[in-house]
There are 2 protein chains.
Amino acid sequence: MSDAKSATHAQRALIYLRQRILNGQLAGGTRLFEVALAEELGISRTPVRAALARLAEEALLDRTSGGGFAVRSFAVRDVVDTIELRGVLEGTAARLAAERGVPAEMLAEAREIIRQIDRLFSAETIDMDGYSALNTRFHALLARMSQSDVIQRQIERIIALPFASPSAFLDDHSHQLALIKTLGTAQEQHRALIDAIVNREGARAESLAREHARAARRNVESLLGQEAALREGVPSLAILST
Amino acid sequence: MSDAKSATHAQRALIYLRQRILNGQLAGGTRLFEVALAEELGISRTPVRAALARLAEEALLDRTSGGGFAVRSFAVRDVVDTIELRGVLEGTAARLAAERGVPAEMLAEAREIIRQIDRLFSAETIDMDGYSALNTRFHALLARMSQSDVIQRQIERIIALPFASPSAFLDDHSHQLALIKTLGTAQEQHRALIDAIVNREGARAESLAREHARAARRNVESLLGQEAALREGVPSLAILST
DNA sequence: TACGCTGCGAATGTATACATAAGGTGCCCC
DNA sequence: GGGGCACCTTATGTATACATTCGCAGCGTA
């Protein structure tokens, strides 16, 4: 328990294993054995089992036939489809927001976030961590605007996969200039999205949210078109199988 | 272990609890305690915990702050939103199927299912179990047509909730004649959906699948507009909170 | 009366020993 | 030589005892 601040052993094991899966240190298809993990972590099987069950819940593990667990394999197509799915779900959230109407406070909050992102852009160099945090807040707010717990839940579930999160690939610093241009486009989409919701234009809002997610998809595809060396610094892609 | 055919105690507990939640015997918000359940089932806490974890995975339980579990509450709006969500996901599956193209064997299988449903309609009285099975097969096939494991997985997850399954509310026999008319419409939508996919008309396919799901939504809403007595025979709705 | 503190109890967290089943390997028989 | 059976190994399944923590209630004090 030297380096861990987590309350319970199960939480520590959960964090440790999640990390190693997302890292790619545990390759897709690898079977995870309770005893081995328990020894490795210096704890008993019980908390390990709890951690494995939660990772299965997060869709990072598959349950094998015999009752065990194996690391889920993510192929390129899976990553692309997951991002597409996020677009579809956020699109639905946006459409519902437009159809059902959104409380003024939420709209104000959205506009405030947009304003803060604008402020970041006016600085000399862009504070990527700051942008990432604001962008995440914007997307979480969009999910809430749907006023549907069901939709919100699904979006949270998808976003938990790091390569599908709205802030994925922002940590790739290899194309700083291209990235800045991309962020400008994204910000325009944020603005248009709120405009559509305010005007109760459901179809437009849905379409904009989908297109907004496509930016992430283009990022993946361009990264994968590069030499392997250039992908090294992109942790979100470490989980990829091949 | 007298009445159970399940291999393990955990599976037996899982089935038992799932049943009671879907029944409505365990009301939404009810906290589930390991010790109490273990005593009730005559087993130890360990398999109970395993069952609870899996029910959380199925989205039938929420994890409470302290580390426990509580039965998830489903309000009418949640049911409606979940059906809407199924429509959105099946719409995405249909669109992807149209965009990516579908192997001839799958199309043949779809047409065969449609043919068999036609045959059911020509009988004197409609075999509802038979229809339900065929309808379920059609929807499962549609999910596969997307050729996306990610999408397929999500659809399976949603359909696991009985009130969101494509065959929900077919067991309501109170309006037999109206139902038959509904089934005719559904069958037309099945046909149009396959037609759209064959012709690579993505937007049309998506729109048709969404509208197809709306039938289930209309069913819920009409059932809820009735007197409580008429809703008694509809097991899919037993889980509703209020 | 209101606030807080303390102690008790009931819940989950954990370790461990044993049960059981499934899968693999090696030997033996055909 | 090949196939099948049996054993053994190794995995998960289960029970139970103990640890720990969190919350609540009751009492006390300001």
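Given the structure is predicted, the values throughout are model-derived calculations rather than measurements. All chains are named by letter (A, B, ...) in the order of the sequence lines, taking the proteins before the strands, and each is independently numbered beginning at 1.
Counting heavy atoms from C-beta outward, B:Glu57 and A:Arg63 have side chains that approach closer than 4.5 Å. You'll find the side chain of B:Arg100 reaches within 4.5 Å of the side chain of B:Ser148, heavy atoms only.
At whole-Å resolution of the value, CZ in B:Phe69 and C1' in C:dA11 are 13 Å apart. Regarding B:Leu14, its CG atom lies at a distance of 15 Å from the C1' atom of D:dG13, rounded to whole Å. In this structure, B:Phe33 places its CZ atom 6 Å from P of C:dT12, rounding to the nearest Å. The CZ-C1' distance, from B:Arg54 to D:dG13, rounds to 13 Å in whole Å.
The pair B:Glu84-B:Arg77 fails the salt-bridge criterion, with no side-chain N (NZ, NE, NH1 or NH2) lying under 4.0 Å from an Asp/Glu carboxylate O.
The only member of A:Arg72, A:Arg157, A:Arg18 that meets salt bridge (Lys or Arg N to Asp or Glu O under 4.0 Å) when paired with A:Glu58 is A:Arg18.
Side chain of B:Asp127 to main chain of B:Asp129: a donor-acceptor pair is present (N/O by atom type, distance under 3.5 Å, no hydrogens or angles).
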What are the atom names and distances for every N/O pair under 3.5 Å that joins the protein to nucleotides 13-15 of chain C?
unit_1 : atom_1 : unit_2  : atom_2 : d
C:dG13 : OP2    : B:Arg49 : NH2    : 2.3
C:dG13 : N7     : B:Arg45 : NH2    : 3.0
C:dG13 : O6     : B:Arg45 : NH1    : 2.9
C:dT14 : OP1    : A:His9  : N      : 2.3
C:dT14 : OP2    : A:Ala10 : N      : 3.4
C:dA15 : OP1    : A:His9  : ND1    : 3.4
C:dA15 : OP2    : A:Ser44 : N      : 2.7
C:dA15 : OP2    : A:Ser44 : OG     : 2.8
C:dA15 : N7     : A:Thr46 : OG1    : 2.9

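The six-membered or imidazole ring of A:Phe74 lies near that of A:Phe163, with a centre-to-centre distance under 6.0 Å.
At a threshold of 4.0 angstrom between heavy atoms, the contacts of B:Arg31 are confined to the sugar-phosphate backbone, with no base atom among them. Among the heavy atoms of the strands, none lies under 4.0 Å from A:Leu52.
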